[in-house]
Amino acid sequence: EFVNTITISQYPDELTNSCIVYAYDKNRDGQLNTSTGNENFGFRLKDHAIEMRQKGASCDANGWQDISDTGVIRIEKLEFTIEQASEARRYISLTLSASAKGFSDVQRSLTRTLLKPTRTQ
């Protein structure tokens, strides 16, 4: 149930590919639990903040929680892409750019690649 649960999109009027939602077998029971305390996770860019998915909300829904403080840092870019390395391996690339609030000359950008496990036949 967890193999093809990654979706990349964006909140309306935000940058393309700035939201990722996925499911993870947090309690390791092999079942996708969607009740309270569900196994649906995600991150998105909204109003220059990074937000974390709450209660299985979609990328374009309300109800996400800020995990960055816009009073301190301004997220300029958050982008996710899925890359197919081979038949059995896919990767997720994450690009993040931010600047310090009130100090636009203090900026950082990073790109990281994360392994996305795939089921082997």
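The first residue in the sequence is number 1, and the count goes up from there. If you're wondering where the values come from, they're calculated on a predicted model, not measured in any experiment.
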Considering all heavy atoms, the nearest [X]-[Y] contact:
| X | Y | value |
| --- | --- | --- |
| Leu78 | Leu45 | CD2-N, 3.8 Å |
| Ser18 | Gln10 | OG-CB, 3.6 Å |
| Ser109 | Ser97 | OG-OG, 2.8 Å |

**OP:** Give, for atom CZ of Arg44 and atom CD1 of Ile75, the distance between the pair rounded to the nearest 0.5 Å.
**Re:**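 Going from CZ on Arg44 over to CD1 on Ile75, the span is 14.5 Å.
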**OP:** Report the distance from atom CG of Leu15 to atom NZ of Lys46, rounding to the nearest 0.5 Å.
**Re:**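 Output value for this atom pair is 14.5 Å.
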Original post:
Can you tell which of Tyr11, Phe43, Trp64 makes a side chain to side chain contact (heavy atoms under 4.5 Å, CB included) with Cys19?
Top reply: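 The residue from Tyr11, Phe43, Trp64 that satisfies side chain to side chain contact (heavy atoms under 4.5 Å, CB included) with Cys19 turns out to be Trp64.
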Original post:
Would you find a donor on one side and an acceptor on the other, under 3.5 Å apart, between the side chain of Glu83 and the backbone of Ser93?
Top reply: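 Not a single qualifying donor-acceptor pair exists.
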Original post:
Taking the side chain from His48 and the backbone from Arg74, do they hold a donor-acceptor pair closer than 3.5 Å?
Top reply: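 No; judged by distance alone, with no hydrogens or angles, the pair does not exist.
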**OP:** Return the set of residues passing side chain to side chain contact (heavy atoms under 4.5 Å, CB included) with Ser58 (not counting sequence neighbours), or none when no residue passes.
**Re:**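 Ser58 satisfies side chain to side chain contact (heavy atoms under 4.5 Å, CB included) with Asp60, Ala61 only.
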Out of curiosity, does [Y] fall in the hydrophobic cluster containing [X] (side-chain heavy atoms, cut-off under 4.5 Å, transitive links)?
| X | Y | value |
| --- | --- | --- |
| Ile73 | Phe103 | no |
| Leu96 | Val106 | no |
| Val21 | Leu94 | no |
| Ile50 | Val72 | no |

Would you call [X] and [Y] a side-chain contact if the rule is heavy atoms closer than 4.5 Å?
| X | Y | value |
| --- | --- | --- |
| Glu51 | Asp66 | yes |
| Ile8 | Glu79 | no |
| Arg53 | Asn40 | yes |

Subject >> Side chains of Glu76 and Ser99, donor plus acceptor under 3.5 Å >> reply: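 Their side chains do contain a donor-acceptor pair, which is all the 3.5 Å distance test asks for.
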Subject >> Ile20/Ile6 under side chain to side chain contact (heavy atoms under 4.5 Å, CB included): CA gap, chis, key distance, verdict >> reply: CA-CA 7 Å; Ile20 187 169; Ile6 295 176; 3.9 Å; yes
Subject >> Asp13 atom CG: more than 12 heavy-atom contacts under 6.0 Å >> reply: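 No - once you tally the heavy atoms of other residues, nucleotides and ligands closer than 6.0 Å, there are 12 at most.
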